[in-house]
Amino acid sequence: MAHVLVTGGAGYIGSHACKALKAAGYVPVTVDNLVTGWADAVKFGPFEQGNLLDRAYLDQVFEKYQPVAVMHFAAFSLVGESMQLPGIYWRNNVMGSLTLIEATAAAGCRNFVFSSTCATYGDQDNVVLDEDCVQKPINSYGASKRAIEDILANFGASDGINHVIFRYFNVAGADPDAEVGEFHRPETHLIPLVLDAIDGKRDALTVFGTDYATPDGTCIRDYVHVCDLVDAHVLGLEWLLKGKGSRVFNLGTGSGFSVREVVDACGAVTNRPVPMNEGPRRAGDAAKLVSGSVRAMRELGWTPQRSTMETMVRDAWHWHQNGHYEK
Ligand code: UDP
């Protein structure tokens with residue numbers, strides 16, 4: 001069976017990708033240093049613990065498994081943190097990816113699926129954020145991901161690394177079987193924080209900014225279910241294996257939800273009040289990020305199944321109540 005290297009396979013999205021890859025008949029090999037990931041989340045294939053900056057380790061992993069492709073999820077991904085600690089974003093995300101891409105090329109592997117972000121677009125109100133939109137990141141996280149996109153384009157030209165780049169909007173929800181789910185320590189993402197507040201695991205949710213130029217004053221985001229997102233990755237992998245070449249795809253649904261709307265949905269699904277207060281804006285946040293493209297649906301045949309707000313919150317709540325990792 002064909003092996004696929006999954007960097008960040010012990011993390012939120014990577015662990016769901018491993019489950020989807022296994023279901024599709026591949027062997028996902030998790031490459032993760034467990035800085036933010038969880039050994040407990042590695043359930044669907046072998047685990048090779050190590051650091052992407054360690055070229056000798058990567059060379060050994062490529063030699064051992066001879067993967068047909070790499071799926072690269074491992075990264076720091078917090079907008080707020082990236083504004084305070086840009087150095088770790090450039091070192092971990094950009095230098096780690098460069099080392100991985102060089103190791104991929106040296107091993108003769110030619111298929112690379114990369115986890116990028118809508119944060120590469122920046123804050124462009126009234127612009128349709130399709131894949132051809134100019135990229136003007138306003139935070140270090142988005143800038144680090146745009147740089148990796150550029151590196152991939154260069155290695156595509158020099159070494160024939162065919163790459164599918166997925167620019168994610170906001171990933172939410174969890175495996176409906178609750179085998180894996182979203183578990184960050186500390187948690188910074190909206191839906192798990194709201195569920196923690198509902199559950200009394202924290203005092204209240206603080207809404208970051210209520211004076212944005214949006215209908216209710218809070219930021220608008222486009223949420224996509226993690227299971228739908230990783231299904232697109234399997235389709236992207238198959239696109240590459242069929243020799244269809246390099247391509248960029250947004251992964252969002254085209255529907256925007258404000259922070260207040262997400263909070264309301266969490267209250268409705270759980271049928272509980274949400275303790276909430278209002279705070280200042282978070283540095284690096286764009287007012288509105290909504291996917292303006294159906295390219296993934298049209299070209300990859302991607303059909304999101306679980307990306308309604310209600311289902312995402314329901315699956316996140318199911319995981320919240322039934323799943324966690326210990327190590
Ligand atoms: N947000 C918030 N309070 C929180 C965490 C997040 O108001 O405690 C807002 C955040 O400012 C953004 C949205 O929720 O507008 C989604 O944030 P998240 O960190 O989940 O994802 P991001 O958009 O940064 O990828």
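It should be emphasised that the depicted structure is a prediction, and the values quoted were computed from it without experimental measurement. Values below: every heavy atom of this structure, side chains too, minus hydrogens, waters and symmetry copies. First listed ligand is number 1; within each ligand, the first listed atom is number 1.
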Checklist entry - Is the shortest distance from a Lys or Arg side-chain nitrogen in R272 or D199 to a carboxylate oxygen in the other one below 4.0 Å? => result yes

Checklist entry - Does a donor on one side chain sit under 3.5 Å from an acceptor on the other, for T30 and D32? => result no

Next on the checklist: Just checking R91: does its CZ atom have more than 12 heavy atoms from other residues, nucleotides or ligands closer to it than 6.0 angstrom?
Outcome noted: no

Checklist entry - Got the residues with a heavy atom under 4.0 Å of ligand 1, by chain and number? => result V79, N170, T188, H189, L190, L193, L205, T206, V207, F208, C219, R221, Y223, V259, R282, D285

Item to check | side chain to side chain donor-acceptor pair (under 3.5 Å) involving T7 - partner list, sequence neighbours excluded | outcome: H72

Item to check | T311-T308 side chain donor-acceptor pair, cut-off 3.5 Å | outcome: yes

Next on the checklist: Has E48 got a side-chain atom pairing as donor or acceptor with V61's backbone, closer than 3.5 angstrom?
Outcome noted: no

